[in-house]
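Everything below concerns the one structure shown next.
All ligand and atom numbering here is 1-based and tracks the order in the structure.
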Amino acid sequence: MPKHETPLLDELEKGPWPSFVTDLKRQAETKPECWDILGQLELSFKDRITHWKHGGIVGVFGYGGGIVGRYSDSPKEFPGVAHFHTVRLNQPSSKFYGTKKLREICDLWEKYGSGMTNMHGSTGDLVLLGTTTPNLEPLFYDLTHDLNMDLGGSGSNLRTPACCLGKARCEWSCIDTQALCHHLTMHYQDEIHRPAFPYKFKFKMSGCPNDCVAAIARSDFAVIGTWRDDIRMDQDAVKGYINGDFPANGGSHAGRDWGKFNIKKEVLDLCPTNCMWMEGDELKIDNSECTRCMHCINVMPRALRPGADQGATICVGAKAPILDGAQFATMTIPFLKIDPETEFEAVIEVIEKIWDWWMEVGKNRERVGETIMRVGLPTFLKVMEVDIIPQHVREPRSNPYVFWQDEEVPGGFERDVIEFRKKHAQ
Ligand code: HEM
Ligand code: SF4
Ligand code: SF4
């Protein structure tokens, strides 16, 4: 496959950021189909339109998803990308790798694919970009037999779960996000590989409300670590911050002179619930008013830690705008113990309550967040068998269009107009 002229893409080799064009050119030296991906992309830059055909349905036997088929609309001009299917590999939780495994993956992909990857897809998968249909089964065979790895999810199913790095490298993690992510991935292999849902469904888990995997925004089922006792405090370390022994926020703002650390200005006055104060040089927190926003802990990581009675909040229904508007996940279960000892039984119970309902009630291509909007939060919470509490809403409704059940109204809904006419003129 010959090189193509790429004057527009060549511009993107300038500047300090690692250039994907430079990388692709280097890859093309051993994988000539990469010249065609550059050529087709250049054409798209020129025409300002994509040159991939609509859709593409390919895969491996036994599975209903995992591979995104794609064909060039200019295969004569760019034969190297006539087929350019994307393979999703299920990544290890939090994406820790050894070089041996990465080398195995690269060798596999050099053999069967373009050599191009995406490390990683937004959902979490390790994405292998560009191969042909006949290569899919042999690739899958080697992947499973030699690398002991599996495909990720695609389609109307459970997609590949992902988590923050949790207890592996973070002092704030209130749950073992990796253990939970791995366990649920293994437990729900069937739901990942064989679409059985009205639409896609995603799990994400973060160890604390900083939510480094953005579970609240990017997953239908978000598990977000928290605690319900008191913030653990080290008063000596608080003094250390006040004296300037430790940099605020772990030194995150060191690039600019923000003046000497001022605990009142930077912590107390910024606490969203105003539940902190100083008594002399002792920091005090009224934990009953703390919403666990993480701000004070983020500013003084050496002095403050999440409490010891840890668990997670379950939020449901986040989605992107299509069809009826973007949604963040809505708080469903304020606190749930996340227990690896029981193989996360409690979490699984919650998931299955949602699925049992949504798989029946959800319309075709309706995300669970939209189903909740359509049938209403009260109905959803009833399905979830949780007590409805003030924490379920940010504010009570302002319109008076309130539904009542028949049995909640004295006399019910059956009325006789003749009876009414006896007291009121026609
Ligand atoms: C002081 C007098 C009135 C007040 C304060 C009043 C107020 C309202 C309000 C607040 C609504 C609801 C608007 C909404 O849906 O957001 C409404 C709807 C309506 N009003 Fe009135 N109204 C008055 C007089 C009248 C009169 C005299 C008529 C007819 C002759 C009338 C006919 C209607 C109708 C047909 C609706 C629409 C009902 C629906 O959407 O189902 N209103 N009114
Ligand atoms: S979400 Fe919280 S626990 Fe997880 S890595 Fe981020 S700060 Fe740490
Ligand atoms: S976690 Fe947030 S709400 Fe709680 S005390 Fe700290 S700043 Fe205030």
Side-chain angles (χ1 to χ4, degrees), residues 91-96 120 122 124 161-182 184 202-219 221-235 237-238 241-242 248-252 261-279 282-315 318 328-329 331 334-338 340 347 391 394:
Q91 83 291 0
S93 296
S94 314
K95 311 185 181 79
F96 287 93
H120 293 75
S122 308
C163 59
C164 79
L165 46 73
K167 288 187 187 290
R169 291 201 68 163
C170 181
E171 291 156 351
W172 298 329
S173 198
C174 297
I175 56 176
D176 188 341
T177 57
Q178 296 177 300
L180 178 62
C181 184
H182 182 75
L184 293 180
K202 297 180 182 175
F203 293 162
K204 283 193 168 54
M205 30 295 245
S206 280
C208 82
N210 285 329
D211 197 2
C212 293
V213 77
I216 191 111
R218 309 194 299 153
S219 64
F221 183 81
V223 183
I224 301 175
T226 187
W227 64 97
R228 58 182 172 184
D229 53 349
D230 293 350
I231 289 178
R232 286 175 283 177
M233 291 196 279
D234 175 346
Q235 295 293 353
V238 173
Y241 279 101
I242 295 171
N249 288 82
S252 300
F261 176 65
N262 179 332
I263 194 166
K264 181 172 178 329
K265 214 168 100 190
E266 294 173 47
V267 182
L268 309 188
D269 291 355
L270 294 182
C271 169
T273 64
N274 258 312
C275 69
M276 312 180 82
W277 70 98
M278 297 298 292
E279 273 177 32
E282 287 255 304
L283 177 65
K284 300 280 178 192
I285 300 178
D286 177 359
N287 282 278
S288 65
E289 291 296 326
C290 164
T291 63
R292 283 89 177 142
C293 78
M294 292 297 293
H295 176 73
C296 57
I297 298 172
N298 288 342
V299 176
M300 302 192 290
R302 285 178 184 231
L304 305 179
R305 297 167 68 195
D309 185 7
Q310 302 180 332
T313 302
I314 309 290
C315 302
F328 268 15
M331 203 293 291
F335 191 87
L336 189 68
K337 277 281 179 192
I338 305 295
V347 184
Q391 283 85 343
R394 193 180 57 180

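Not one N, O or S atom of Cys170 sits under 2.8 Å from atom 6 (Fe) of ligand 2. Atom 4 (Fe) of ligand 2 has no N, O or S atom of Cys212 under 2.8 Å away, backbone or side chain.
Those atoms of ligand 2 that come under 4.0 Å of a heavy atom in Ser173, given as number and element, are 3 (S). Listed by atom number, the atoms of ligand 3 under 4.0 Å from Thr291 heavy atoms are 3 (S). Interface of Trp172 with ligand 2, defined as ligand atoms under 4.0 Å from a residue heavy atom, comprises 3 (S), 7 (S). Set against the non-hydrogen atoms of Cys275, the atoms of ligand 3 under 4.0 Å away are 5 (S), 8 (Fe). Using a 4.0 Å cut-off to heavy atoms of Cys296, the atoms of ligand 3 that qualify are 1 (S), 5 (S), 6 (Fe), 7 (S). Of all atoms in ligand 3, numbered sequentially from 1 with element shown, those under 4.0 Å from a heavy atom of Met294 are 1 (S), 2 (Fe). Every atom of ligand 2 is numbered from 1 in the order shown, and the set under 4.0 Å from a heavy atom of Asn210 is 7 (S).
Judged purely by atom type and a 3.5 angstrom limit, Ser94 uses its side chain to pair as donor or acceptor with the backbone of Cys164. Not one N or O on the side chain of Asp176 forms a donor-acceptor pair closer than 3.5 Å with the backbone of Lys167. A donor-acceptor pair is defined here as one N or O able to donate and one able to accept, closer than 3.5 Å; such a pair exists between the side chain of Arg218 and the backbone of Ser122. Ser252 places a side-chain N or O within donor-acceptor distance of the main-chain N or O of Asn249, the cut-off being under 3.5 Å.
Atom NZ of Lys264 has 12 or fewer heavy atoms from other residues, nucleotides or ligands within 6.0 Å. Annotation for His182: atom NE2 does not count as buried by contact number, only 12 or fewer foreign heavy atoms lying within 6.0 Å. The environment of Arg228 atom CZ is dense: over 12 non-hydrogen atoms of other residues, nucleotides or ligands sit within 6.0 angstrom.
Pairing each heavy atom of Lys265 with each of Leu270, the nearest pair is O-CG, 3.5 Å.
Under 3.5 Å, the side chains of Thr273 and Glu289 contain no donor-acceptor pair of N or O atoms.
Residue, atom and distance of the protein heavy atom nearest to atom 8 (Fe) of ligand 3 are Cys271 SG, 2.4 Å. The single protein non-hydrogen atom nearest to atom 4 (Fe) of ligand 3 is Cys290 SG, 2.3 Å, given as residue, atom name and distance. For atom 5 (S) of ligand 2, the closest non-hydrogen atom of the protein is Cys164 SG, 3.6 Å. Annotation: atom 2 (Fe) of ligand 3 to nearest protein heavy atom, Cys293 SG, 2.3 Å.
Only the backbone of Asp211 comes within 4.0 Å of ligand 2, judged by heavy-atom distances.
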